[in-house]
There are 2 protein chains.
Amino acid sequence: MANLKQINRITTGGKGLPKSLRRHAVRPTPQRLAILRELAARKIHPDAETIYEQVRQRLPAISLDTVYRNLRLLEARGLIMRVTTVRERARYDADLSPHSHFICSKCSRVLDVPVSALRPIPAEADAFGTVASVHVEFRGLCHQCRTVADGQQGQ
Amino acid sequence: MANLKQINRITTGGKGLPKSLRRHAVRPTPQRLAILRELAARKIHPDAETIYEQVRQRLPAISLDTVYRNLRLLEARGLIMRVTTVRERARYDADLSPHSHFICSKCSRVLDVPVSALRPIPAEADAFGTVASVHVEFRGLCHQCRTVADGQQGQ
DNA sequence: CTTAAAACAGGAATAATTACTATTGTAAAC
DNA sequence: GTTTACAATAGTAATTATTCCTGTTTTAAG
Ligand SMILES: [Mn+2]
Ligand SMILES: [Mn+2]
Ligand SMILES: [Zn+2]
Ligand SMILES: [Zn+2]
């Protein structure tokens, strides 16, 4: 981290973002701002590595870990969102009938949700390409974990 | 792999699955059958490790790689399905407005799908727990990749 | 200016999954 | 019933995305 003044001059463009960050009790560091700006400017929904490569052009000393750390923090504070689902172990199902799943964020059990709870999703998404599959996934606290305050680790 | 005859006697229970596998041009090996049976018998939507631990009790010599390899093959052949989404790098979005995404399986670009294409999902899923979030994700070939036969790696 | 807490860079560690290789099982041809 | 070619497996190494750790720098507050 060398020459912070200079870095600040480069990266601190508009004043909107810094204020927004302060409101969420997040310090507007140059690295953080650069990451957030990169995400806000482009609509490519980039991953950590892609953001890293871009931000590096302005802040050559930034580390990949800083990108990951900030993405995590910004997501937790509700300032950005994840496009993909939570990255956890792959789980499988032998039941091929059309249905969806409710995944408990506490005990990580997976419950079947019948299609009746879904309603068919219109073919309007075909505007973007040939839809091969639609994945619907509910997350939350299962009944068992809600009532029993102390969540056990089921599965 | 020792004493195959014995293993076969143990694991080859019903005759339905072996035939089903043959129909899909998949050889009904004892390991494969055990994995498939484990998945079909329980409705817990297990991950590879969990299946491994269970199958190991009957086939102590089975390797974890065999479980992974077969889950991959069975999914590819359409005999089982994945509960969770494809395991790839996490991607982020600064646009917090409610919308969904279309992910191209060829160029891996992510396109925004407006809510108009979704229809609200009924609160019927509350039957399973307190729904905190709903994730809808479309997969397929984007227009660009469909027309241009030779897919480029966009993003 | 001093000081405590937050954030950072760089590199090591972790965890899930896949790749590699020598060996074994299978099915079909002879 | 042998032979033979190919598929599948076990065991282990490698890969990949992400997180953790440690010493240092930056920030904010007194
Ligand atoms: Mn299911
Ligand atoms: Mn989006
Ligand atoms: Zn639960
Ligand atoms: Zn595409």
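Within every chain, numbering begins at 1; the chains are lettered A, B, ... in the order of the sequence lines, protein sequences first and strands thereafter.
Considering only the side chain of A:Thr29, C:dC8 comes nearest among D:dT9, C:dC8, C:dT17. Residue A:Arg72 has its side chain nearest to D:dC20 when only D:dT18, C:dC8, D:dC20 are considered. Taking the side chain of A:Pro30 as heavy atoms from C-beta on, and the options D:dT27, C:dA9, D:dT9, the nearest nucleotide is D:dT27. Residue B:Tyr68 has its side chain nearest to C:dA16 when only C:dA7, C:dA16, D:dA10 are considered. Nearest nucleotide to the B:Asp65 side chain, out of C:dA16, C:dT18, C:dC8: C:dT18. In this structure, the nucleotide among C:dC8, D:dA8, D:dT18 sitting nearest to the side chain of B:Arg89 is D:dT18.
Ring orientation note: the planes of A:His99 and B:His45 are tilted relative to one another, at an angle of 30° to 60°.
Between the side chain of A:Arg139 and the backbone N or O of B:Val131, no donor-acceptor pair lies under 3.5 Å.
Between A:Arg69 and C:dC8, a side-chain N or O to OP1/OP2 separation shorter than 4.0 Å is present. A sub-4.0 Å separation between OP1 or OP2 of D:dA10 and a side-chain N or O of B:Gln31 is present. At D:dT9, one or more side-chain N or O atoms of B:Arg32 fall inside 4.0 Å of OP1 or OP2 (strictly under the cut-off).
Remark on DNA chain D: of its neighbouring residues B:Glu88 and B:Thr66, the 5'-side contact belongs to B:Thr66, judged by nearest-heavy-atom nucleotide. The residue among A:Arg87 and B:Asn70 whose nearest nucleotide of DNA chain D lies closer to the 5′ end is B:Asn70.
The CD1-C1' distance, from B:Ile51 to C:dA16, rounds to 14 Å in whole Å. Taking atom CG of B:Asp47 as the reference point, atom P of C:dA16 lies 8 Å away to the nearest angstrom. Per the geometry, CG belonging to B:Leu64 stands 11 Å off C1' belonging to C:dT18, to the nearest Å. When the C1' atom of D:dA29 is taken as reference, atom CZ of A:Arg27 falls 10 Å away, rounded to whole Å. A straight line from CG of B:Leu59 to P of D:dG11 spans 12 Å, rounded to a whole angstrom. Distance, B:Leu33 CG to D:dT9 C1': 15 Å, rounded to whole Å. In this structure, the CD1 atom of A:Ile35 is 12 Å from the P atom of C:dA7, given to the nearest Å. Per the geometry, CG belonging to B:Leu73 stands 7 Å off P belonging to D:dA8, to the nearest Å.
Side-chain atoms of B:Thr84 and A:Arg91 include no donor-acceptor pair closer than 3.5 Å.
Counting non-hydrogen atoms under 4.0 angstrom, A:Ala90 reaches the backbone sugars and phosphates but no base.
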**Study point:** Trace of the side chain to side chain donor-acceptor pair (under 3.5 Å) decision for A:Ser97 with A:Asp95
**Key:** CA-CA 6 Å; A:Ser97 72; A:Asp95 177 4; 2.8 Å; yes
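Rounding to the nearest 0.5 Å places CZ of B:Arg56 at 3.5 Å from OH of B:Tyr52.
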